[in-house]
> 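Got a structure for you, questions after.
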Amino acid sequence: MEEIAEAATGPLWFQLSHRGYDLTENLVKRAEAAGFKAIVLTVDAPIPTPKERDIRNRYERPGEYGNFRPQENPATAAMAGEGSTEWEMPQCPPLTWRELEWLRSLTDLPLVMKGVRVAEDARMAVEHGVNAIMVSTHGGRRFDDTMSSIEMVPEVVAATKGRVEVYVDSGVRRGSDVLKALALGATAVAVGRPLFWGLAVNGAEGVHHVLEILREEFNRAMAYCGQSSVDNLEDRLLNIPRDWGPFRTENNVADHPRAKGL
């Protein structure tokens, strides 16, 4: 993370997975010292994910995890053993609301909770001091049998009641996807996989080109929909089917077809 912070020219957020008290504290303190502007805590990946493509291809990690080089990191050196050049990521220990309170006490940096997708968790996250929520499914790489991120945005936005910003990722592939998310109440979107496609094709210029494509598509979608400002998007910009999406929000439980057993 220190190398990335030194090379970067824009603000950085550090994505954190809880790996036990000592190691998590070490990562948070290092991120803060390196100048990262926020901590993004992943909460929906309690165990490692056996990605089917990696299993089929018999993939093996070719190198070390940069943040866990024992010779540079006393906390990880103790876990890896003296002289060790390998450090395998352990299974995540339990992550509870108590751990969130502890993490909040470690740093004054904004804390973003990544992976929240139901109203109950969104409300509790706000009560425990998070500064923002990211609605995410890890691009569908964790658990297929669940609602998509975009379907859960309205529920999370309604539950937070404007007290924190709400972001969304997983499946953002077009500029029109960005407009849909904003129209549903999200503050911003995050883009993952397309950036790696651009990187593979043409390095840093390829990444820049991907972002430019998204920007141009977004501007075009705004124009087609007669919108001139993201701050003043018209109500009912999206035509949402009556039975689409979750039915747990406070205002529509009784009237939803699934709640009536229809």
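On a predicted model such as this, the values are computed, not experimentally measured, just so you know.
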> Looking at Tyr59, I want to see if its OH is surrounded by more than 12 non-hydrogen atoms of other residues, nucleotides or ligands under 6.0 Å.
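Buried by this count: over 12 neighbours within 6.0 Å.
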> For the pair Leu233 and Leu179, evaluate side chain to side chain contact (heavy atoms under 4.5 Å, CB included) and give the outcome as yes or no after the intermediate values.
CA-CA 9 Å; Leu233 295 176; Leu179 181 54; 4.1 Å; yes
> Hydrophobic clustering (ILVMFWY, side-chain heavy atoms < 4.5 Å, transitive) - are Val189 and Leu12 grouped together?
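Cluster IDs for Leu12 and Val189 match.
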> Grouping I, L, V, M, F, W and Y whenever their side-chain heavy atoms are under 4.5 Å apart, do Tyr167 and Val130 come out in a common cluster?
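No: no chain of side-chain contacts under 4.5 Å links Tyr167 to Val130.
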> Decide yes or no on side chain to side chain contact (heavy atoms under 4.5 Å, CB included) for Val210 and Trp197, but give the supporting numbers first.
CA-CA 8 Å; Val210 168; Trp197 297 338; 5.6 Å; no
> What distance separates Asp169 CG from His138 NE2, expressed to the nearest 0.5 Å?
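NE2 of His138 is found 8.0 Å from CG of Asp169.
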> Is the closest side-chain heavy-atom distance between Val156 and Val168 below 4.5 Å?
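Of all side-chain heavy-atom pairs linking Val168 with Val156, none is under 4.5 Å.
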> Hey, are the side chains of Leu100 and Leu41 touching, using non-hydrogen atoms and a 4.5 Å cut-off?
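Counting from C-beta outward, Leu100 and Leu41 do come under 4.5 Å.
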> Is the shortest side-chain heavy-atom distance between Lys161 and Arg123 below 4.5 Å?
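Contact flag for Lys161/Arg123 side chains = no.
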> Please report the shortest heavy-atom distance between Val116 and Ile133, naming the atom on each side.
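In terms of heavy atoms, the two residues are closest at CB-CG2, 3.7 Å.
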> Could you pull out the closest heavy-atom pair between Pro154 and Leu184, with the gap in Å?
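Smallest heavy-atom distance, with atoms named: CG-CD2, 4.0 Å.
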> How far apart are the closest heavy atoms of Ala122 and Thr160, and which atoms are they?
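Distance-wise, the nearest heavy atoms are CB-CG2, 4.0 Å.
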> Around Lys37, counting heavy atoms of other residues, nucleotides and ligands shown, do more than 12 lie under 6.0 Å from its NZ?
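Open.
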> May I ask you to decide if Glu3's main-chain N or O and Glu6's side chain share a donor-acceptor pair within less than 3.5 Å?
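No, the answer is negative, given that no donor and acceptor are paired below the 3.5 Å cut-off.
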> Test salt bridge (charged side-chain N to carboxylate O under 4.0 Å, His left out) on Arg215 and Glu212 and set out the steps.
CA-CA 5 Å; Arg215 182 182 64 82; Glu212 283 298 298; 2.7 Å; yes
> Hey, could you give me the CD/CG distance between Glu60 and Asp54, rounded to the nearest 0.5 Å?
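Nearest 0.5 Å value for the CD-CG distance: 11.0 Å.
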> So Asp177 and Leu214, side chain to side chain contact (heavy atoms under 4.5 Å, CB included) or not? Walk me through it.
CA-CA 9 Å; Asp177 295 335; Leu214 288 172; over 6 Å; no
> Is the Trp97 ring parallel, tilted or perpendicular to the His128 ring (thresholds 30°, 60°)?
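Taking His128 first and then Trp97, their aromatic rings lie parallel (interplane angle under 30°).
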> State, to 0.1 Å, how close Arg117 and Ser136 come at their nearest heavy-atom pair, and which atoms those are.
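Shortest heavy-atom separation between Arg117 and Ser136 comes out as CD-O, 3.1 Å.
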> Linking I/L/V/M/F/W/Y whenever their side-chain heavy atoms sit closer than 4.5 Å, directly or via other members, would Met222 and Leu182 fall into one cluster?
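Yes, because Met222 and Leu182 connect within a single hydrophobic cluster, where side-chain heavy atoms sit under 4.5 Å apart.
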> Could you pull out the closest heavy-atom pair between Asn131 and Arg104, with the gap in Å?
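For Asn131 and Arg104, the tightest heavy-atom pair comes out as OD1-NH1, 2.9 Å.
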> Quick one: CG on Leu103 to CD on Glu101, what's the gap to the nearest 0.5 Å?
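The CD atom of Glu101 is 11.0 Å from CG of Leu103, to the nearest 0.5 Å.
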> Has Thr24 got a side-chain atom pairing as donor or acceptor with Tyr21's backbone, closer than 3.5 angstrom?
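No, Thr24 side chain to Tyr21 backbone: no donor-acceptor pair under 3.5 Å.
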> Taking the side chain as every heavy atom from C-beta outward, state whether His18 and Trp102 have any pair of such atoms under 4.5 Å apart.
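They are in side-chain contact.
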> Test of understanding: with side-chain hydrogen bond (donor to acceptor under 3.5 Å, both in side chains), list the residues that count as partners of Thr137, not counting sequence neighbours.
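Ser170.
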> If two hydrophobic side chains count as joined below 4.5 Å and joins carry through other members, does Val153 share a cluster with Val118?
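Yes; Val118 is reachable from Val153 via cluster members.
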> Which value, rounded to the nearest 0.5 Å, describes the distance between Phe14 atom CZ and Asn67 atom CG?
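Between atom CZ of Phe14 and atom CG of Asn67 there are 5.0 Å.
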> Taking Gln227 for its side chain and Glu234 for its backbone only, find out whether a donor-acceptor pair lies under 3.5 Å.
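Yes.
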> Is it the case that atom CD1 in Ile4 sees more than 12 heavy atoms from other parts of the structure closer than 6.0 Å?
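Incorrect, the count does not exceed 12.
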> Would you please test Val230 and Phe218 for side chain to side chain contact (heavy atoms under 4.5 Å, CB included) and show each step?
CA-CA 11 Å; Val230 294; Phe218 175 75; 3.4 Å; yes
> Would Val166 end up clustered with Val178 when hydrophobic side chains under 4.5 Å apart are linked, directly or stepwise?
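Yes, same cluster.
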> What pair of heavy atoms forms the shortest contact from Lys180 to Leu238, and how long is it?
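Taking every non-hydrogen atom into account, O-CD1, 3.6 Å.
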> Mind checking the CD-CE spacing from Glu155 to Met147? Nearest 0.5 Å is all I need.
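Between atom CD of Glu155 and atom CE of Met147 there are 8.0 Å.
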> Which distance, rounded to the nearest 0.5 Å, do you find between the CE of Met1 and the CG of Leu27?
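If I round to the nearest 0.5 Å, the distance is 5.0 Å.
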> Side-chain contact, heavy-atom cut-off 4.5 Å: Leu109 with Val28?
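No - every pair of side-chain heavy atoms lies 4.5 Å or more apart.
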> Check salt bridge (charged side-chain N to carboxylate O under 4.0 Å, His left out) between Glu217 and all other residues, then give those that pass, not counting sequence neighbours.
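Only Arg174 meet the salt bridge (charged side-chain N to carboxylate O under 4.0 Å, His left out) criterion with Glu217.
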> Hey, is CG on Asn57 packed in by over 12 heavy atoms from elsewhere, all under 6.0 Å?
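Atom CG in Asn57 is crowded, with more than 12 foreign heavy atoms closer than 6.0 Å.
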